[in-house]
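I have placed the structure first, in the form of structure tokens, so that the comments after it can refer back to it.
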2 protein chains.
Amino acid sequence: MPHYERVEKVRLLVVDDDPPIADLVATVARYEGWQAITANSGEEALRLAAEFHPDIVVLDLMLPDVDGFGVLDRLRGAGTMVPVVFLTARDGVADRVAGLTRGGDDYLVKPFAVEELMARLRTVLRRSAGPGFQRSVLRVADLMMDEDTREVRRGDKLLTLTPTEYEVLRYLMRKSPTVLTKAQILDHVWEYGFGGRSNVVELVVSRLRRKLDDTGTPLIHTVRGFGYVIRQAAE
Amino acid sequence: MPHYERVEKVRLLVVDDDPPIADLVATVARYEGWQAITANSGEEALRLAAEFHPDIVVLDLMLPDVDGFGVLDRLRGAGTMVPVVFLTARDGVADRVAGLTRGGDDYLVKPFAVEELMARLRTVLRRSAGPGFQRSVLRVADLMMDEDTREVRRGDKLLTLTPTEYEVLRYLMRKSPTVLTKAQILDHVWEYGFGGRSNVVELVVSRLRRKLDDTGTPLIHTVRGFGYVIRQAAE
DNA sequence: CCGCAGCTGTCAAAAAGCTGTCGTAGATCT
DNA sequence: AGATCTACGACAGCTTTTTGACAGCTGCGG
């Protein structure tokens, strides 16, 4: 039983017959500092899994040859206990997949938001790292976000965020003190293929500010002509 | 996990000729921090038992070679007193098994719910730990659940819960203060293979709330767009 | 002091969640 | 065995929350 440590790069295998999607995921993962490879078919996936020894697998259920379940079976049959996160279309199979989260594996419905996928991968990795895994808590100045309890506090004031607000804030906090463009935020937090041509990001940031900058000094800063950062008052 | 204290890892051997089921159980156990291995036949089970020295065994009755009872006999014949939890199909043999569960053994009918199986394993382990074993009591604020007597109290008011309500509540309490999605609850509390397409979880939560939040402050909180938690209301 | 990026109020549609009602099936009692 | 009771979950109506389009306003930077 491999033991997954944070010290080494996480090894991710992405299996999806749609190359753009597979690449999207792989790219984001690499950007996180992970080592990622992609497979576009079940056979290829099995071959790559055997030689690459991934720590975690993202697996589309609809593959041209062997289907997702088949791949899973054969992975397990080969004695690999590598955790798997499934991707499925909104319809149909979702039910069948649902049963799989039990094992600690997880699943996500297409189209998904990249940050959501990454969050799940991190969670699954954290859990599979064995017992006594610690809570994941993000901090920026006196702002705190507990990813397990979904509790967000500014100082000791508890904040109530909507799902979208939560996701945007998490992304900002994760990347802090890096400045993110609105496009990056849109691409990571909203489902890929989102049609929102309007000012959604500004809108959500505005709402976030009202909730969290109400008390104390502003934490979310606008970088005019570029994007947003969250950090303790800069320069 | 907050409510489970044990210094050494529990060693679990899962014996089932259906690999997905065996893996399911093993994976869930590992997530509890246990050490788990699987066997897909009676012979393999006996071999593994000899070298692995499990603390507890999950044993399917219908095996290709030696049947479950045979495995049990040979285990006992070898002088092992390791407690066994049997898995059986809904029909037939159930009665015979009942007779065989002497001592600390137990059995469960397929398809089972993961949380139910884990609960039984914990109970059997606790009992087999010798005399003066400790009661298992879960507490969240003034809510108390005794897993041995199945007694649930809010303050000193005794609550009467249906089986499903009890299971959902137990799962929530065990994981408290982590927020659980409806899918997680469904997957852990309902039998595997349940095609829950409706709002069962919401329904049970609704009924639970009526029973336990009637007195005092609400304990089960909705995290809109995500799931449910049970915990003392955070300020 | 101008212009444009950014901010925010308003609103309606859609999503998510809650709960009452009811039929079925299994358990329990007589 | 038959009658009765209980638990469960399908379904549907209703309420609340969230979201994003739109549009007008603000204020920064030059």
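Side chains included, hydrogens not; waters and symmetry mates left out as well; all remaining heavy atoms used. Source: prediction; values computed, not measured.
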Before giving the answer on salt bridge (Lys or Arg N to Asp or Glu O under 4.0 Å), spell out for B:Glu32 and B:Arg122 the whole-Å C-alpha distance, their side-chain angles and the decisive distance to 0.1 Å.
CA-CA 11 Å; B:Glu32 288 285 304; B:Arg122 282 183 223 109; 3.6 Å; yes
Please state how far atom NZ in A:Lys211 lies from atom C1' in D:dT17, giving the value in whole angstrom units.
10 Å
All heavy atoms of A:Ala36 vs all of A:Arg30, minimum pair found to be O-NH2, 2.7 Å
Can you check the A:Leu203 CG to C:dA5 P distance for me, whole Å?
18 Å
For D:dT18 and A:Thr164 - does any side-chain N or O of the residue sit under 4.0 Å from the phosphate oxygens OP1/OP2?
no
Between B:His188 and B:Tyr171, how do the two ring planes meet: parallel, tilted or perpendicular, split at 30° and 60°?
parallel
Side-chain contact check for A:Arg207: nearest option of D:dG20, D:dT18, C:dT21 is D:dG20
Rounded distance (Å) that lies between atom C1' of C:dG6 and atom CG of A:Leu186:
16 Å
Under the rule for salt bridge (Lys or Arg N to Asp or Glu O under 4.0 Å), what residues qualify as partners of B:Arg153, not counting sequence neighbours?
B:Glu151
Kindly state each residue pair satisfying side-chain hydrogen bond (donor to acceptor under 3.5 Å, both in side chains) with at least one member in residues 220-233 of chain B, sequence neighbours excluded.
B:Arg209-B:Thr222
Using whole Å, report how far CD1 of B:Ile185 lies from P of D:dG9.
14 Å
N/O contacts under 3.5 Å, protein versus nucleotides 14-17 of chain C?
from: C:dA16; atom 1: N3; to: B:Arg224; atom 2: NH2; distance (Å): 3.0
from: C:dG17; atom 1: OP1; to: B:Gly225; atom 2: N; distance (Å): 2.9
from: C:dG17; atom 1: OP2; to: B:Lys182; atom 2: NZ; distance (Å): 2.6
from: C:dG17; atom 1: O4'; to: B:Arg224; atom 2: NH2; distance (Å): 3.4

Only counting residues at least two apart or in another chain, list the ones meeting ring-ring contact (aromatic ring centres under 6.0 Å, His included) with A:Tyr31.
none
Residue pairs fulfilling ring-ring contact (aromatic ring centres under 6.0 Å, His included) with at least one residue in residues 146-168 of chain A, sequence neighbours excluded:
none
Picking from C:dC7, D:dC8, D:dG20, which would you name as closest to the side chain of A:Asn199?
C:dC7
When A:Arg135, A:Arg170, A:Arg139 are each screened for salt bridge (charged side-chain N to carboxylate O under 4.0 Å, His left out) with A:Asp146, the one that passes is A:Arg135
May I ask you to evaluate whether A:Trp190 reaches the phosphate of D:dT19, defined as a side-chain N or O under 4.0 Å from OP1 or OP2?
no
How far does the helix from C:dC1-D:dG30 to C:dT30-D:dA1 bend, going by the axes of its first and last five pairs, to the nearest 10°?
40°
Round to a whole Å and report the spacing from OH of B:Tyr166 to C1' of D:dA7.
17 Å
Identify the heavy atoms of B:Thr178 and B:Val229 that sit nearest to each other, and give their distance.
O-CG1, 3.3 Å
Report the distance from atom CZ of B:Phe194 to atom P of D:dA7, rounded to the nearest whole Å.
17 Å
Whole-Å gap separating P (D:dT19) and CG (A:Leu208)
10 Å
Which nucleotide wins on minimum distance to the side chain of A:Ser206, given the candidates D:dG9, C:dT8, D:dT19?
C:dT8
Take the protein atom CD of A:Glu165 and the nucleotide atom C1' of C:dT8, then report the distance between them rounded to whole Å.
14 Å
